[in-house]
Number of protein chains: 2
Amino acid sequence: MSTSVNAPYHHGNLRQALLEAALIILEKDGEAGLGLRDLARAVGVSAAAPYRHFDSRAALLEALAVTGFQRFSAAMEAVASSDPADPMAAMGKTYVLFALSNANLFRLMFSPQLKKDGRPGLRMAADAAFDTLRHLVGGDMQTGRIKALAAWAKVHGLSILLLDGQIALRAGEDTEALIAEIIGSL
Amino acid sequence: MSTSVNAPYHHGNLRQALLEAALIILEKDGEAGLGLRDLARAVGVSAAAPYRHFDSRAALLEALAVTGFQRFSAAMEAVASSDPADPMAAMGKTYVLFALSNANLFRLMFSPQLKKDGRPGLRMAADAAFDTLRHLVGGDMQTGRIKALAAWAKVHGLSILLLDGQIALRAGEDTEALIAEIIGSL
DNA sequence: CTTTCATGTAAACAATGTCAACATCAGTAA
DNA sequence: TTACTGATGTTGACATTGTTTACATGAAAG
């Protein structure tokens, strides 16, 4: 029984296909909804096949989170290099919008689960992302460390509170405008 | 086979015992490490017994999170009623310290898992907690909504970043002092 | 053509959440 | 007291999950 009429025994690029399908499932169903068997079935492969490319489910999740940090870095560098009027505000807005448009991926990136296993790839990716973030901030304006940390905390907290639906929008209020207002209140 | 020599058939106060043991396991092993069977064994009861008091594992977690919000509210009210010099700063500090000293419980309170099932008890507890928070803030100083949201975001983000170990302490730096500094930078 | 090795499959395992059927016991009513 | 009843606990089973082991396939190297 094969999904397509003439499915080849070897998939060809299973690792990549798994990651792409996993990302879709992740955004739709959340991390808990991402089962290895469902994922394998979605790609048209047996339940054990993913183990040729990932040591465990956690390793698969780690790979997802790593690509998340890479995309995050890319987004931040893109705004920074677009030479905006207020670099800090622009980066903050990008930070929050990235979280909102990649909700479950963002949550996965900061998942305490993955961190607890001490997965080195994830730690490296996160460190790299925040290093470039620090570099971009330090390059464009000479903020002190405390102010930078405070800005980071504000932007990160805003991301999570919005993600969790804790911040209620008023009637006719625009999310993006609210973000700008909160970021602007330094 | 019974844990104690003369264990009675009926536990007596199983629901409470489950919650207390669950809280301990939660703080030690995290949410993923909190299995129903282990929990039942820790309390000296069969694997199915918890189902007489909780509909599901998620319901048990919800109950834990609810008590978390109650403790959180109590802590915030305690500081506010102690009439501190700078109410906002004091509450912010309490907010972060609560998160740090109840790490996994705090994470559970904001777990996307529980939120997704639309558990009404959790939503009510969270709303109640944040209502009292808003009340305390609004009562002591007339902050605008945007400033209040910004302060909330900063304090919440700081909690999570510290919890995740993302903010590195410098040599000889005190966590509590750093918190105070960041909160102070409004 | 043969060999090899990365990559896939099938079948099994242990552990988990959950449920159904039965056991125990405290309290109430006769 | 005696019988019933409902709340609470136990046992055994089930489906599902992550994971492993043994085997199958086939593309590329020799």
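Not measured: the values here are computed from a predicted model. Proteins come first, then strands; the chains are lettered A, B, ... in the order of their sequence lines, and each starts at number 1.
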Roughly how many Å is it from CZ in F54(A) to P in dT7(C), rounded to a whole number? 12 Å

Separation of dT17(D) P from L34(A) CG (nearest whole Å): 12 Å

Starting from P on dT10(D), measure out to CZ on R41(B) and report it in whole angstrom. 13 Å

Geometric class of the F110(A)/F106(A) ring pair [parallel <30°, tilted 30-60°, perpendicular >60°]: tilted

Taking the nucleotide of DNA chain D with the closest heavy atom to each, which residue, R37(B) or A58(A), is nearer the 5' end? R37(B)

Between A47(A) and S46(B), who's closer to the 5' end of DNA chain D by nearest nucleotide? S46(B)

Has the side chain of K154(A) got a donor or acceptor atom that lies under 3.5 Å from a matching backbone atom of G157(B)? no

For R57(B), look at atom CZ and say whether over 12 heavy atoms of other residues, nucleotides or ligands are found less than 6.0 Å away. yes

Select one nucleotide: of dG9(D), dT19(D), dT9(C), the one nearest the side-chain heavy atoms of S56(A). dT19(D)

Just to be sure I understand the rule, does R57(B) reach a base, reach only the sugar-phosphate, or reach nothing, if contact means heavy atoms closer than 4.0 Å? sugar-phosphate

Is a donor on one side and an acceptor on the other found under 3.5 Å between the side chain of S73(A) and the backbone of Q70(A)? no

Does H53(B) put a side-chain nitrogen or oxygen below 4.0 Å from OP1 or OP2 of dG9(D)? yes

Is the F72(B) ring parallel, tilted or perpendicular to the F130(B) ring (thresholds 30°, 60°)? perpendicular

dG18(D) C1' sits how many Å from D117(A) CG, rounded? 14 Å

Measure the distance from CZ on R15(B) to C1' on dT8(D) and round it to the nearest whole Å. 14 Å

Value in whole Å for how far the P atom of dA11(C) lies from OH of Y51(A): 18 Å

Taking dC19(C), dG8(C), dT17(D) as options, the one with an atom nearest any side-chain atom of A49(A) is dG8(C)

What is the distance from CG of L36(B) to P of dT10(D), rounded to the nearest Å? 14 Å

Within the 4.0 Å heavy-atom criterion, would you say R52(B) contacts the bases, only the backbone, or no part of the nucleic acid? base

How long is the line joining CG of L60(A) and P of dT17(D), in whole Å? 15 Å

Output the single nucleotide from dT19(D), dG9(D), dA20(C) whose closest atom is nearest the side chain of A48(B). dA20(C)

